There are 2 protein chains.
Amino acid sequence: MEEDVKEGASDKYSLRGRVFSRLREDILNGKYEEGIELREIAIGEELGVSRTPVREAFRQLELEGLIRIIPNKGAYVVGISDKDVRDIYILRSRLEGLAARWAVDHITKEQMEEMEENVYLAKFHIEKGHTEQMFELDNRFHELLYEASGSKILEHQLKDYHQYVLRIRKKTLSSATRGPQSNTEHEAILEAIKNKNHDDAERLAHEHMINAYKNMIDNGLIKPD
Amino acid sequence: MEEDVKEGASDKYSLRGRVFSRLREDILNGKYEEGIELREIAIGEELGVSRTPVREAFRQLELEGLIRIIPNKGAYVVGISDKDVRDIYILRSRLEGLAARWAVDHITKEQMEEMEENVYLAKFHIEKGHTEQMFELDNRFHELLYEASGSKILEHQLKDYHQYVLRIRKKTLSSATRGPQSNTEHEAILEAIKNKNHDDAERLAHEHMINAYKNMIDNGLIKPD
DNA sequence: CCTTGTATTATTGTATACAATCCTTGGAGC
DNA sequence: GCTCCAAGGATTGTATACAATAATACAAGG
């Protein structure tokens, strides 16, 4: 029964939690475009709730930087610029390297086993071209790495960024060449951790992000500098 | 009149903003100890407001990781463990290095001038042993560095961490030896940026954090590993 | 025609009322 | 005395009512 213990602030079973998750997803997926104004009543009616949970969700979204609230005026969708995406990938490249380094000493047997299963299963879905499953497995691999780092702070931070660039990542992975290469890199990172090689783990995780970054630019998903 | 444009989510002039700032400060300063339960009504009465702004502030504090809300039960202060502080310093060491590197290319003339003034003025207050001013100048130096990086993402992140370890930093800087050394290191970072030396800037900023970290441990302010 | 001031309206900010949930406490049964 | 359960109280979750603020429209004066 130890389910849902982590549930940071999403809280699936409260109205506020659902509103928050829904709005975040809608913003990241581009349903609400940048600059658009979100009205409490309208959102409330759309989701069938009153203003109270909507307001609380707004406050959280603001803290996440997804909307900007101007007092007594309104809430405006901020969106993510190409520069933000580039910056996040550079930050991630450094922090994921650190996560991999720390994971060498802190990964549990269960986490290791799930990682191995993850990489193995991914091969299958890549073969079949199941993009949705590839996406989910990629998500989970990185989350596992964050959790295995043994640092709540680092885990929290990387999960945030991971969420943040969700939209762009969906496009990236469906690319025919990046999918397989990404999983090969996952495998290499996993091996380094298994062999307790700190430097390799950090370097490979770092390069993994840099490669993803380059891929985005080469495929024109975001514009360079 | 371009004041208060950044005001992320604090919003000094709304009740919610004040409640949020106040509670964060009280938690970080140790007024509310770890594990203590915060009741909406009690906090509201203490600050003379109703539950609504208190609840909104709670939701934000949860997202910042300072309290943990268990649905239908209560809000509990999380506090910062020694491990969290150690982790943050390691993360900061890497990210501040990056900030310094980026600052080389993005710092404005005004920022550069304020940095120079900052380092110069700090010498005076160190000489006189004015700990409060030393603290403020140290704060400002780092904020300037973050702003000069030219990356909203990185700036936001580092400011967060900076706030987070506020309590411990106050103690550190008042140490007779660390104060002067810290400012000397600031000066070196500034020089590297001025000379447009990316590698030095990154290395020095990185080392600056590592030194602060070691100092904390050597002085027993937090326990090692 | 343009500017300015004011009234109206829409929207957010805050307080309060009501509903749902959890915890405590006390008593019945054994 | 111990266990279990039920009732009451306390606390959070949600909805709604009211207050404050900002946007808009329109009329009066230049």
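The sequence lines fix the lettering, A, B, ..., with proteins before strands; numbering per chain opens at 1. Nothing here was measured: the structure is a model prediction, and the numbers come from that model.
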Starting at [atom1] of [X] and ending at [atom2] of [N], how long is that distance when rounded to a whole Å?
X	N	atom1	atom2	value
A/E62	C/dG13	CD	C1'	14 Å
B/F20	C/dG13	CZ	C1'	18 Å
B/R55	D/dA15	CZ	P	11 Å
A/L15	C/dT21	CG	P	11 Å
A/L47	D/dT14	CG	C1'	14 Å

Inset, instruction - Verify the contact: side-chain N or O of B/R16 to OP1 or OP2 of C/dA15, cut-off strictly under 4.0 Å; return yes or no. - result: no

Legend entry - Below 4.0 Å: OP1/OP2 of D/dG13 and any side-chain N or O of B/R59: yes

Legend entry - SB check A/R86 A/D82 (cutoff 4.0 Å): no

Under the ring-ring contact (aromatic ring centres under 6.0 Å, His included) test, residues paired with [X] that sit two or more places apart:
X	value
A/H130	A/H125
A/Y89	none
B/F58	none

Legend entry - Shortest non-hydrogen contact between B/I189 and B/A205, atoms and distance: CD1-CA, 3.7 Å

Inset, instruction - Indicate yes or no: at least one non-hydrogen side-chain atom of B/V77 is less than 4.5 angstrom from one of B/L66. - result: no

Inset, instruction - Answer yes if the side chains of B/H142 and B/E96 hold a donor-acceptor pair under 3.5 Å, and no otherwise. - result: yes

Inset, instruction - With DNA chain D as reference, determine whether A/P71 or A/P53 sits nearer its 5' end, using the nearest nucleotide of each. - result: A/P53

Distance-only criterion, 3.5 Å: show the donor-acceptor pairs between side-chain atoms of residues 33-44 of chain B and protein atoms not counting sequence neighbours.
unit_1: B/E40; atom_1: OE1; unit_2: B/R51; atom_2: NE; d: 2.9
unit_1: B/E40; atom_1: OE1; unit_2: B/R51; atom_2: NH2; d: 2.9
unit_1: B/E40; atom_1: OE2; unit_2: B/R55; atom_2: NH1; d: 2.8

When you compare the protein's N or O atoms with those of nucleotides 8-11 of chain C, which come within less than 3.5 Å of each other, and at what distance?
unit_1: C/dT11; atom_1: OP1; unit_2: A/R39; atom_2: NE; d: 2.9

List, with names and distances, any nitrogen or oxygen atoms from the protein found under 3.5 Å away from nitrogen or oxygen atoms belonging to nucleotides 16-18 of chain C.
unit_1: C/dT16; atom_1: O4; unit_2: B/T52; atom_2: OG1; d: 3.4

Inset, instruction - Please check if the side chain of B/S21 supplies one atom and the backbone of B/R18 the other of a donor-acceptor pair under 3.5 Å. - result: no

